[in-house]
Amino acid sequence: MQIRKGIPVSPGVAITQALVVDAADQPVPRRTVPPERLPQQHERLESAMEASCRDIEQLIEKTTVELGPELARIFDFHLGMLRDPHLNGQIRQLIDRERVTSEFAVYATMRALASQFVSVDNPYFRERVKDLWDLERRVLSHLMGSSPTDLGQFPHEAILIAHDLTPSQTASLDKTMIRGLATDAGGRTSHTAILAHALGIPAIVGLEDITSHVNSGDTVIIDGNQGVVIVNPDAAQLLEYRQFIERLAEFETSLDELSRQPAVTTDGEQITLWANIEFPSEIHSALEKGATGVGLYRTEFLFLSSENEPSEDQQYESYLQAIVAAEGRPLTIRTLDLGADKIHRNSSVQHHENNPFLGCRSIRLCLQNLPLFKTQLRAILRASARGPLRIMFPLISSIMELRQAKMVLNDVMEDLEEQNIPFQRDIPVGIMIEVPSAALQAKKFCREASFVSIGTNDLIQYTLAVDRSNERIANLYTGAHPSVIQLIREVVRAAQRAKVDVSLCGEMGGEPEFIMLLLGLGLRKLSITPPAIPEVKKIIRSVSLKQCERVARRCLSFDSDREVHNFLREEVKRVVPEVIDGRIYLP
Ligand code: PEP
Ligand code: MG
């Protein structure tokens with residue numbers, strides 16, 4: 001049994017088999033197995049080799065039909081290698097001699113053979129190196145239960161263990177089979193983490209080397225509340241966690257009952273709780289959890305989960321679906337926030353950049369690619385004729401950027417008018433405040449935006465110069481930093497003075513320990529990940545605004561994030577004793 005600790009990013013507990021996926025260019029870690037489990041490694045190898053042979057035979061048949069027998073002969077080499085007794089013998093010897101997993105034995109043997117091929121002064125052998133790699137990945141994919149890049153279909157229920165996943169891989173995960181997610185890399189608000197939370201599956205990131213400690217097929221417990229992964233748990237641990245899962249389900253049901261009650265403080269202040277969504281299909285469950293609108297619809301996920309860039313009509317259909325699901329409630333569509341870690345695999349508009357988070361991302365990318373931007377704006381405006389919508393521009397860092405974006409929007413409106421296509425002329429146009437330069441100029445922005453929404457995920461990373469997705473500096477990434485708190489306060493004040501609607505849509509708004517602080521800073525509207533709504537509502541219903549204002553004043557007097565954290569933890573525990581380490585636990 002091994003216990004590994006990482007950064008908990010999505011709560012919940014699951015117990016099932018692990019499925020380890022390694023990126024294609026990632027080395028397979030050397031993992032040893034106890035002698036009594038060596039026969040199992042041989043059996044796994046045999047079935048992976050047989051499955052690979054079947055794949056190749058099918059490929060030969062298909063190629064013969066589609067391209068002719070000459071080309072199909074390319075795969076004779078693959079089949080010959082798979083059936084080669086010498087190669088099979090070498091792999092088996094390595095398993096026994098070094099007591100390693102079959103994955104590692106296949107990887108090490110194939111790589112050694114590939115280097116021999118490279119060193120031979122013969123073009124035929126050199127050409128075969130690529131075939132060897134291809135073969136190696138095929139056998140490994142059978143051993144690991146899935147091809148490293150195809151995460152859309154899983155043969156069985158699994159906890160996915162990976163070095164890292166891109167947001168687009170996470171978006172295309174087979175949600176019916178994935179019970180949990182644990183990765184070596186990633187930070188608290190990496191987009192992969194946000195998606196896992198939205199999907200409602202327990203997730204832990206930043207485990208550093210979890211892929212070296214788990215084999216596919218191992219039994220794994222993932223505890224997304226405490227950020228713990230237990231590999232091959234003993235009987236006592238299994239029993240304890242099975243009982244915990246039952247109690248957790250009961251507790252969550254009791255929290256869900258809150259969904260029908262209003263989010264009001266003990267002194268009668270109504271707080272608005274909206275949902276952050278990535279797909280229209282999430283709206284229904286968000287409303288069930290108690291959301292009264294959508295404060296952030298991250299539209300780029302339609303791009304990330306599709307093979308090609310979606311057309312205007314496809315985008316329009318998605319927005320319409322969201323309007324129908326929201327049933328007349330406020331729906332805030334954020335324009336594309338592509339770039340940085342959200343890169344479309346077939347994108348024609350994205351380039352390699354040395355500092356992608358500081359690069360051509362989000363509104364910058366849209367303003368440099370007007371056809372892409374205008375297509376989206378047309379789709380949003382057309383949908384606005386069918387229900388209430390708000391448009392929100394992300395990553396605005398200067399007034400000129402907002403003016404430019406509004407000019408493009410105007411152009412699109414004029415085109416639609418000329419074509420007699422209906423839309424909502426007075427659609428509210430707001431911005432995200434997620435860059436310090438915008439926070440510092442909030443007063444000016446409030447004159448030109450219908451609403452502002454504070455995006456703390458990026459505001460924290462840009463204020464503190466801490467990459468939100470880098471697990472090595474995850475301890476430095478925190479909304480409790482006094483400078484972040486000050487910036488939030490300035491934005492809220494500026495918006496209140498200008499009577500402009502202000503909300504907060506970063507992950508901070510869904511973290512129990514920050515709720516009192518945020519209300520105390522003057523926020524009355526939070527847009528959060530739907531699974532967090534019951535927890536947040538429970539806290540709101542347990543505190544008074546007076547208490548919250550006192551908490552905010554104390555926080556503003558502290559010098560360091562540590563003092564803020566310690567203080568907030570104690571305060572929230574006083575009002576809701578079930579909150580431990582920033583999460584609500586069973587009584
Ligand atoms: C944010 O930055 O706080 C935010 C909500 O946007 P995203 O997480 O999509 O960057
Ligand atoms: Mg952001």
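Along the sequence shown, residues are numbered consecutively beginning with 1. A quick note: this is a predicted structure, and the numbers were derived from the prediction, not measured. What you see below is based on every heavy atom in this structure, not just the backbone, and it leaves out hydrogens, waters and symmetry mates. Atoms within each ligand, like the ligands themselves, are counted from 1 in listed order.
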(message) I'd like the contact residues of ligand 1, where contact means a heavy atom below 4.0 Å.
(response) His191, Ile194, Leu296, Arg298, Arg334, Asp337, Lys342, Arg361, Met432, Glu434, Gly455, Thr456, Asn457, Asp458, Arg468, Cys505, Gly506
(message) Please determine whether a side-chain nitrogen of the Lys or Arg among Arg361 and Asp458 lies less than 4.0 Å from a carboxylate oxygen of the Asp or Glu.
(response) yes
(request) Considering only NZ, NE, NH1 and NH2 on the basic side and carboxylate oxygens on the acidic side, decide whether Asp501 and Lys525 come within less than 4.0 Å. (result) yes
(message) Any heavy-atom pair between the side chains of Arg4 and Glu208 that's under 4.5 Å?
(response) no
(message) In terms of relative ring orientation, are Phe514 and His565 parallel, tilted or perpendicular, with 30° and 60° separating the classes?
(response) tilted
(message) Treating Tyr462 as the side-chain partner and Phe357 as the backbone partner, does any N or O pair qualify as donor plus acceptor under 3.5 Å?
(response) yes
(request) With rounding to the nearest 0.5 Å, note down the distance linking CG in Leu377 to CZ in Arg382. (result) 13.0 Å
(message) Could you check whether any side-chain N or O of Arg390 sits under 3.5 Å from a backbone N or O of Arg334, counting only pairs where one atom can act as donor and the other as acceptor?
(response) no
(message) What's the separation between atom CG in Leu521 and atom CG in Leu487, rounded to the nearest 0.5 Å?
(response) 11.5 Å
(message) Can you count the protein N/O/S atoms lying under 2.8 Å from the Mg ion (ligand 2), leaving waters out?
(response) 2
(request) For atom CZ of Arg386, decide whether the heavy atoms of other residues, nucleotides or ligands shown that lie under 6.0 angstrom number more than 12. (result) no
